Amino acid sequence: MFMLTIRNETQADRQIVEDITRRAFYNLYVPSCGEHYLVHIMRDHPDFIPELDFVAELDGQVIGNVMYTRATLTDEAGAVKDILTFGPVSIAPEHQRKGYGKQLLEHSFRRAAELGWDAIVIFGSPANYVGRGFKSCKKFNVCLEGGRFPSAMMVKELREGALDGRRWIYRDSPVMAIDEAEARRYDDTLEPMERKHLPSQEEFYIMSHSSVGEE
């Protein structure tokens, strides 16, 4: 059985990581995907955190990656707290459901805590992340502007009590707001993949448009 090695991404890994991300996300949430384009532009953004850019390597072959950016929480008094968000996190389709993603994430959590970060906010399917210690944003009083608590927004404290129960408004990095037309044009320069409508896309639509509760 091969051992999984987790290390920081290098320049030589970049195209491999983009390819893995594209194959992992293609048609999952929408026909085609934009996650590989996000990876392509994220590394040059000031909110990108190179120290938390990891690849998972199996028998010398890169099979997965996770990338982190800075985000913020703002309380009702206007105080701003720097936190983390991650994504995309990808495992090559042929290596999924073997525990590699879990190892990759847990490694990144430990390193983030060592670097002094104390909270992570993400958007994703709860089924994929509650086992990694994430909880509903509602439980930490973390919402979007307007008071919405999205079902897909989850929080993990890397230090217990870091968010202390006060009301927080979450804002992610501007790099996350990708231009869909630009993403499509970038995808068109790559090896063609068939764009399909799949049931997972409806599941994503339902989750991304639902809320736990609103104030």
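Note that this is a predicted model, so its numbers are computed, not measured.
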So, using side-chain hydrogen bond (donor to acceptor under 3.5 Å, both in side chains) as the criterion, who are the partners of D188 when residues are at least two apart?
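Applying side-chain hydrogen bond (donor to acceptor under 3.5 Å, both in side chains) to D188 gives R195.
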According to side-chain hydrogen bond (donor to acceptor under 3.5 Å, both in side chains), who are the partners of T189, at least two apart in sequence or on a separate chain?
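T189 satisfies side-chain hydrogen bond (donor to acceptor under 3.5 Å, both in side chains) with no other residue.
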When Ile, Leu, Val, Met, Phe, Trp and Tyr are grouped by side-chain heavy atoms lying under 4.5 Å apart, directly or through other members, which residues fall in the same group as Y26?
M193
L163: hydrophobic cluster co-members (side-chain, 4.5 Å)
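When side chains under 4.5 Å apart are linked, the cluster holding L163 also contains L73, I83, V121, F123, F140, V142, L144, M153, V155, W168, Y170.
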Just do the side chain to side chain donor-acceptor pair (under 3.5 Å) check on S173 and T69 with the steps written out, would you?
CA-CA 7 Å; S173 169; T69 55; 5.1 Å; no
Of all pairs that satisfy ring-ring contact (aromatic ring centres under 6.0 Å, His included), the ones with a partner from residues 50-69, not counting sequence neighbours
F54-H107, Y68-F86
Parallel, tilted or perpendicular: which one describes the rings of Y129 and F134, with boundaries at 30° and 60°?
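Aromatic pair Y129/F134 classed perpendicular.
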Using the side chain to side chain donor-acceptor pair (under 3.5 Å) rule, collect all pairs that involve residues 79-89, keeping only residues at least two apart or in two chains.
K81-D118
Is there a chain of hydrophobic side chains (I, L, V, M, F, W, Y, each step under 4.5 Å between heavy atoms) that links V39 to L84?
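No; L84 is not reachable from V39 via cluster members.
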Are side-chain heavy atoms of W117 and R159 found at a separation under 4.5 Å?
no
Going through the checks in order, is the salt bridge (Lys or Arg N to Asp or Glu O under 4.0 Å) test met by E76 and R166?
CA-CA 8 Å; E76 292 178 297; R166 78 182 88 165; over 6 Å; no
For a quick check under 3.5 Å, do T74 and R171 share a side-chain donor-acceptor pair by atom type?
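Side-chain D/A pair, T74 to R171: present.
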Scan side-chain atoms only and decide if H40 and E18 contain a donor-acceptor pair under the 3.5 Å cut-off.
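Short answer, yes.
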